[in-house]
Amino acid sequence: MMPSVLTRRRFAALAAAIPVFAAEPGFRPLFNGTSLDGWDGDPKLWSVKDGILIGSTEGVELKANTFLISKDSFQDFELRLEIKLRNHNSGVQFRSEKIPGSSWGVRGLQADAAEGNWWGSIYDEGGKRGVIVNGWKGKGETVVKADGWNDYEIWAKDGDIRLTLNGMVTSELHGEEPKTGIFGLQLHRGPAMVAEFRNIRIRTL
């Protein structure tokens, strides 16, 4: 049966709304651009619109940081994504774990992002090390697009980690214990904020 004209128009409108990105050899998407399939988080806080994954705490008071958590885990990889932040603090967890007994709490390594600070840094979310590598001073602060989309790349192989923000290497860490873990996209407790993500893709190493 041929789809109706109205159905074809709806499909065409949906396709036009989703950003199209050039294929990168060896990479596969972790976000399909239309739903939260493959991810787990508070449905009151996370949504998808026009190919963008949106986290918002507008009208919600968080008691703790919360995350959209990948259902798959990875150890050695190259993760690329675009992120835009309005107000406050976010970041991308990697080689991390869900906190036992929590709804969507996560601990582990984070590629940090905050309003006017910390972009390009490696942070120990839920741990004791705090900021492990400060990639903001003299690096992230010079390339971040405060009101626009930022290209963030996380590369992890064995004990080595490298963060790249908008084409600049901002942080390197060596001698870490390789660990298989999840990814997590952060919404931080505190002032109302919006964090947007798109074009999330990965290449396993």
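When only modelled atom types and interatomic distance are considered, W104 and D40 share a side-chain donor-acceptor pair under 3.5 Å. No hydrogens or angles considered: a donor-acceptor pair under 3.5 Å links the side chains of S35 and D37. Side-chain N/O atoms of Q110 and D124 include no donor and acceptor closer than 3.5 Å.
If you take OG1 on T164 and CD1 on I154, they are separated by 10.0 Å, rounding to the nearest 0.5 Å. Summarising the geometry, atom CD1 belonging to I54 is positioned 9.0 Å from atom NZ belonging to K84; distances are rounded to the nearest 0.5 Å. Rounding to the nearest 0.5 Å places OG1 of T170 at 7.5 Å from CD1 of I122. I161 contributes atom CD1, which lies 5.0 Å from atom CZ of R95 (distance to the nearest 0.5 angstrom). Here the straight-line distance linking atom NZ of K44 with atom OG1 of T66 works out to 9.0 Å at 0.5 Å rounding. Rounded to the nearest 0.5 Å, atoms CZ (F31) and CG (N199) are 10.0 Å apart.
Hydrophobic cluster membership differs between I52 and L30, with clusters built from Ile, Leu, Val, Met, Phe, Trp and Tyr side chains linked at under 4.5 angstrom. Taking hydrophobic clusters as Ile, Leu, Val, Met, Phe, Trp and Tyr residues chained together by side-chain heavy-atom distances below 4.5 Å, W39 shares a cluster with L81. There is no path of hydrophobic side-chain contacts, each under 4.5 Å, that joins W118 to L163. Under the 4.5 Å side-chain contact rule for hydrophobic residues, I132 and V92 share a cluster.
The pair D76-K179 fails the salt-bridge criterion, with no side-chain N (NZ, NE, NH1 or NH2) lying under 4.0 Å from an Asp/Glu carboxylate O. The existence of a salt bridge linking E153 and R201 is excluded, since no basic side-chain nitrogen approaches an acidic carboxylate oxygen closer than 4.0 Å. Here E24 does not pair with R203 in a salt bridge; the nearest charged N to carboxylate O distance is not below 4.0 Å. Ion pairing of R129 with E176 is present here, as a side-chain N (NZ or NE/NH1/NH2) and a carboxylate O approach within less than 4.0 Å. Between E125 and R107 there is no salt bridge, since none of the side-chain N atoms of the basic residue sits less than 4.0 Å from a carboxylate O of the acidic one.
Contact of the I182 side chain with the D72 side chain is not registered, since no non-hydrogen atoms from C-beta on lie closer than 4.5 Å. Residues I202 and F74 meet the side-chain proximity criterion, which asks for heavy atoms closer than 4.5 Å. Between V144 and W136, some side-chain heavy-atom pair lies under the 4.5 Å cut-off. In this structure, the side chains of D160 and R162 stay at 4.5 Å or more apart for every pair of heavy atoms.
Aromatic ring orientation, F197 versus W46: tilted (interplanar angle from 30° to 60°).
For R189, the CZ atom counts as loosely surrounded, since its 6.0 Å shell holds 12 or fewer non-hydrogen atoms of other residues, nucleotides or ligands. Within 6.0 Å of CD on E61 lie no more than 12 heavy atoms contributed by other residues, nucleotides or ligands.
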> Between F67 and L187, does a side chain to side chain contact (heavy atoms under 4.5 Å, CB included) hold up when you go through it step by step?
Replying inline: CA-CA 6 Å; F67 297 81; L187 289 173; over 6 Å; no
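The residue from F94, Y152, F77 that alone fulfils the ring-ring contact (aromatic ring centres under 6.0 Å, His included) condition with F183 is F77.
No donor-acceptor pair under 3.5 Å is formed between the side chain of E78 and the backbone N or O of T204. No donor-acceptor distance shorter than 3.5 angstrom exists from the side chain of N89 to the backbone of H188, with no hydrogens or angles considered.
Summarising the geometry of S56 relative to V194, their closest heavy-atom pair is OG-CG2, 3.8 Å, with the distance given to 0.1 Å.
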